[in-house]
Amino acid sequence: MRSSQDTTLYIVAYDISDNKRRTRVHRVLCGYGTWTQYSLFECWLTRRQLVELQAKLVKWLRPEQDSVRLYALCAGCVERVITVGGTPPREPPAILF
């Protein structure tokens, strides 16, 4: 069972000039979060998912040319997010097994 105490909201922004690599990174991120703006995702991740995501991203990046940044937001910061248009960040519903 997953609870909100186990996840952290990460804002993931990327700058990748190569279309093929950018598409690959986009597809990887689609498996972990919500695409909110061009080159920006919101991902609620556990510690394990964060490590897994980083490992998958490294596979497609060229560090000398590409940049992916993951900004962790604390619970207090998430509550203070200001959204103008679109939907504010919401944690996906818990999955029970």
Side-chain angles (χ1 to χ4, degrees):
M1 184 169 94
R2 193 181 79 188
S3 73
S4 62
Q5 295 177 351
D6 297 333
T7 61
T8 300
L9 176 61
Y10 290 88
I11 303 301
V12 183
Y14 55 92
D15 183 12
I16 300 169
S17 59
D18 179 78
N19 289 336
K20 187 175 180 179
R21 290 196 312 274
R22 185 174 53 250
T23 298
R24 294 283 188 180
V25 166
H26 180 90
R27 286 183 185 157
V28 168
L29 289 168
C30 282
Y32 288 87
T34 304
W35 184 34
T36 56
Q37 295 184 7
Y38 194 76
S39 299
L40 192 140
F41 276 77
E42 294 174 349
C43 302
W44 292 90
L45 303 173
T46 63
R47 184 79 182 136
R48 179 178 178 178
Q49 289 169 323
L50 175 63
V51 171
E52 183 182 273
L53 174 59
Q54 288 175 293
K56 289 182 178 180
L57 290 174
V58 165
K59 180 178 175 183
W60 299 109
L61 297 176
R62 290 190 181 169
E64 67 280 356
Q65 298 176 8
D66 305 330
S67 173
V68 177
R69 294 177 185 240
L70 296 92
Y71 299 95
L73 296 184
C74 68
C77 294
V78 172
E79 292 177 8
R80 293 192 312 256
V81 169
I82 298 169
T83 303
V84 179
T87 58
R90 281 183 273 155
E91 186 173 12
I95 300 171
L96 303 174
F97 295 99

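No experiment lies behind these values; they were computed from the predicted model shown.
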Query raised in the report: Pick from Tyr14, Tyr38, Trp60: which one makes a side chain to side chain donor-acceptor pair (under 3.5 Å) with His26?
Result: Tyr14

Query raised in the report: Should Lys59 and Arg24 count as side-chain neighbours, where that means a heavy-atom distance under 4.5 Å?
Result: no

**Report entry** Ile16-Leu57 co-clustered via ILVMFWY side chain contacts under 4.5 Å
**Finding:** yes

Query raised in the report: Hey, which of Thr23, Leu29, Val28 is the one that makes side chain to side chain contact (heavy atoms under 4.5 Å, CB included) with Val25?
Result: Leu29

Query - Residues forming a side chain to side chain donor-acceptor pair (under 3.5 Å) with Tyr32, sequence neighbours excluded - result: Glu52, Lys56

Query raised in the report: Are any of the side-chain heavy atoms of Leu70 and Ile11 separated by less than 4.5 Å?
Result: no

Report task. Tell me whether Leu53 is reachable from Val58 by hopping between hydrophobic residues (I, L, V, M, F, W, Y) whose side-chain heavy atoms are closer than 4.5 Å. Result -> no

**Report entry** Leu9 and Glu42: CA distance, side-chain angles, deciding distance, side chain to side chain contact (heavy atoms under 4.5 Å, CB included) verdict
**Finding:** CA-CA 7 Å; Leu9 176 61; Glu42 294 174 349; 3.9 Å; yes

Query raised in the report: Got Val12 and Arg69 here, is their nearest side-chain heavy-atom distance under 4.5 Å?
Result: no

For residues 73-89, tabulate all N or O donor-acceptor pairs below 3.5 Å that involve a side-chain atom, not counting sequence neighbours.
none

Requested in this report: Answer yes or no: is there a side-chain heavy-atom contact under 4.5 Å between Thr7 and Leu45?
Outcome: no

Query raised in the report: Do the non-hydrogen side-chain atoms of Thr8 and Leu50 ever get within less than 4.5 Å of each other?
Result: no

Query - Contact check, side chains of Arg21 and Asp66, non-hydrogen atoms, under 4.5 Å - result: yes

Query raised in the report: Short question: side chain of Gln49, backbone of Thr46 - any donor-acceptor pair under 3.5 Å?
Result: yes

**Report entry** Side chain proximity check, Val51 to Arg48, heavy atoms < 4.5 angstrom
**Finding:** no

Requested in this report: For Gly33 and Cys43, work out which heavy atoms get closest and say how close.
Outcome: CA-SG, 3.7 Å

**Report entry** Side chains of Asp15 and Val68 in contact at under 4.5 Å (non-hydrogen atoms)
**Finding:** no

